[in-house]
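Shown next, in structure tokens, is the structure this report addresses.
In this text, all values refer to a predicted model and were calculated from it rather than measured experimentally.
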Amino acid sequence: IMKIKIEDNLYLRKLTLDDLEEYFNCYQSKEAKLGFINAPKTLEEAEIEITERIREYSKEKPKGDFFAIIFDNNFSSPIN
């Protein structure tokens, strides 16, 4: 998987389904739920979101850029 290096321990890379649990957990805090109107409420909803974002990677004109922030080799947060 291609990574974009920001710092020695900080990278951006495309989302994968391997990120599912961490992606879902990012939206489960009280603060995140207030800040994101369409936060996934279940793992199934999170899987649908990631799958849709992965499909965008192959389009000639994607709706946006969707990345995983990797810090110290661990998923930290999604970003778009």
Next item on the list: With salt bridge (charged side-chain N to carboxylate O under 4.0 Å, His left out) as the test, would you mind laying out the steps for E52 and R55 before giving the verdict?
Entry: CA-CA 5 Å; E52 288 172 355; R55 281 191 199 121; 5.4 Å; no
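I48 and F36 fall into different hydrophobic clusters, where Ile, Leu, Val, Met, Phe, Trp and Tyr are joined by side-chain heavy atoms under 4.5 Å apart, directly or via other members. There is a path of hydrophobic side-chain contacts, each under 4.5 Å, that joins F75 to L43. By the rule that hydrophobic residues join a cluster once side-chain heavy atoms approach within less than 4.5 Å of another member, M2 and I50 end up as members of separate clusters. The hydrophobic clustering, which links ILVMFWY residues whose side-chain heavy atoms are closer than 4.5 Å, places F24 and L34 apart.
Distance check: I69 CD1 to D19 CG gives 11.5 Å after rounding to the nearest 0.5 Å. Atoms OH and CD, from Y23 and E47 in turn, are 12.0 Å apart once rounded to the nearest 0.5 Å. Taken from CD1 in I70 to CD1 in I6, the straight-line distance is 11.5 Å, to the nearest 0.5 Å. Atom CD of E56 sits about 11.5 Å away from atom NZ of K14, to the nearest 0.5 Å. Summarising the geometry, atom CG belonging to L15 is positioned 10.5 Å from atom CG belonging to L20; distances are rounded to the nearest 0.5 Å. Here the straight-line distance linking atom CZ of F67 with atom CZ of R13 works out to 11.5 Å at 0.5 Å rounding.
Side chain of Q28 to main chain of P40: a donor-acceptor pair is present (N/O by atom type, distance under 3.5 Å, no hydrogens or angles).
Sorted by first and then second residue, the pairs that involve residues 60-80 and meet side chain to side chain donor-acceptor pair (under 3.5 Å), not counting sequence neighbours, are N9-D72.
Across Y57 and F66, no two heavy atoms sit closer than the pair OH-O, 2.6 Å. Across every non-hydrogen atom of S29 and A32, the tightest pair is OG-N, 3.0 Å. Summarising the geometry of K3 relative to Y11, their closest heavy-atom pair is CB-CD2, 3.7 Å, with the distance given to 0.1 Å.
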